[in-house]
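Have a look at the structure below before the remarks.
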There are 4 protein chains.
Amino acid sequence: MYAIRNKVQLIGNLGQLPEIRTTENGKKVARFSIATNDTYRNSKGERITETSWHNVIAWGKLAEIAEKFLTKGREVAVAGKLVHRHYTDKNGIKRYVTEVVLNELLLLGGGKPQTEYVEQEEDALTEA
Amino acid sequence: MYAIRNKVQLIGNLGQLPEIRTTENGKKVARFSIATNDTYRNSKGERITETSWHNVIAWGKLAEIAEKFLTKGREVAVAGKLVHRHYTDKNGIKRYVTEVVLNELLLLGGGKPQTEYVEQEEDALTEA
Amino acid sequence: MYAIRNKVQLIGNLGQLPEIRTTENGKKVARFSIATNDTYRNSKGERITETSWHNVIAWGKLAEIAEKFLTKGREVAVAGKLVHRHYTDKNGIKRYVTEVVLNELLLLGGGKPQTEYVEQEEDALTEA
Amino acid sequence: MYAIRNKVQLIGNLGQLPEIRTTENGKKVARFSIATNDTYRNSKGERITETSWHNVIAWGKLAEIAEKFLTKGREVAVAGKLVHRHYTDKNGIKRYVTEVVLNELLLLGGGKPQTEYVEQEEDALTEA
DNA sequence: TTTT
DNA sequence: TTTT
């Protein structure tokens, strides 16, 4: 609710198509990862690029938008909150997962989606 | 460098005093965790408060500020970037860690620090 | 809708009590100004503090929260969007106004509100 | 200094080429305006798009980047702070101006700049 | 582990 | 796993 307390924003590119699942009660979930690049010069004056991969997750309408518009390599801006989960894996080892749960998804760089049908969806997207 | 690409902001309270270490080359590192509270009503109309604990890390001057001013429970606003690391623990299990590496630290709620000495440090803090 | 496209965040203190109005259809509007301080050293090594005053406006429920909880000097964190308006003043001169229209309001520094009644309102606040 | 206290972020498109000036001491200044679009449905269910134009200003290296890479219509993400100035115009009328002073400028949507020369500059850009 |  |  209080987005100002816990806020993450990423601008980067999708590594792969989103993975889409549907919960038992029919709600869509999209998972994908976003690469953000940080470039700087090291002490020797060499240009270094470091890429971070962030796991993001979108629910409901945002997941539907992700499913319809996101393609591999697509540039996006997202905003959401940082959440931490843990679970016990099949070997009994406790695992910790950190994800960004989206509340905004913005397609950047114009690009692909141009058919009339997609335009309609773009319209839906604007509602997000 | 490009903070706009990878940005995290948290406003919350410290769980404990920061842990301070010094690297071999004399640089300070501060680690601490910040609680952010999210409250909402569930489907039964009950008020639910969920607390998330975020691991944050500050280097250099920010670590020194953290060491001098941060106390258990202190309210802070921080900004930084999301970084992901992994390491192999002593049992040979690969562990993943997500941290927020700070580039801003703001003490909220006025409060304690009032001595002349501390004022000087507050001054240093303003440089951060 | 797309907050990520146009986003302002301020952390600072109220200059005065909010001014509250009610529109014809009964919606509350709160206006107030927030001071943000920027301190730095100038070329002579002198510490300079510059204060900026930002006009913010809150509608509906946020205006009600502002009315009930905001006091002169209170520390707040706000998020909203930047809007620009213009009008012609009584001398026929075109005037331009820039305001921050809030969608989040966070009371910082703990403090005053403690009575049972106010607690209830805090509750409402949490909904914001 | 304390960007967290006064932060503006905009993602949108340039209305025109930046205007470039150079101060007496040789520092570049770039001014341009960015359109952000907000779309929503009104009470009649009609889709409304509102465009806001924001005046932004970049100094020094950021101004040089703006000069070299920004073109009319280009999609950008910017971050900066909100500043308010006033001056008296030639008719003796006091005028108020609000601007976003940039500290980050990110070119979105890939696109144009491809020559070797420009690549070099892109390199400079990455330093920003 | 915090805080309201 | 992306992109510039």
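Below, each value reflects all heavy atoms present in this structure, side chains not excepted, and no hydrogens, waters or symmetry copies. Note that this is a predicted model, so its numbers are computed, not measured. Residue numbering restarts at 1 for every chain, and letters A, B, ... go by the order of the sequence lines.
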Rounded to whole angstrom units, what separation is found between the NE2 atom of A/H84 and the C1' atom of E/dT1? 14 Å
Is the shortest side-chain heavy-atom distance between D/I11 and A/I11 below 4.5 Å? yes
Report yes if the side chains of A/E99 and A/V83 come closer than 4.5 Å at any heavy-atom pair, otherwise no. yes
C/E75 CD - E/dT3 P separation (whole Å): 17 Å
Hey, does the side-chain of A/T51 have a donor or acceptor N/O within less than 3.5 Å of a partner on the base of F/dT2? yes
Taking it one step at a time, do D/K28 and D/I20 satisfy side-chain contact (heavy atoms from CB on, under 4.5 Å)? CA-CA 7 Å; D/K28 286 225 168 141; D/I20 310 293; 3.8 Å; yes
To the nearest Å, give me how far apart NE2 (B/H54) and C1' (E/dT1) are. 13 Å
What's the CG-P distance between A/N37 and F/dT1, to the nearest Å? 15 Å
Rounded to the nearest angstrom, tell me the gap between atom CD in B/Q16 and atom P in E/dT3. 10 Å
I want to verify a distance call: between F/dT2, E/dT1, E/dT3, whose nearest atom is closest to the B/S33 side chain? E/dT1
Where do C/R74 and C/L107 come nearest, in terms of heavy atoms and distance? NH2-CB, 3.4 Å
Whole-Å distance, A/I48 CD1 to F/dT4 P, equals 20 Å
From the options E/dT2, E/dT1, F/dT1, select the nucleotide whose nearest atom is closest to the side chain of B/N13. E/dT2
Measuring from the side chain of A/W53 (C-beta onward, heavy atoms only), which nucleotide among F/dT1, E/dT3, F/dT3 has the closest atom? F/dT1
How is B/T49 classified with respect to the nucleic acid when contacts are heavy atoms under 4.0 Å: base, sugar-phosphate, or nothing? nothing
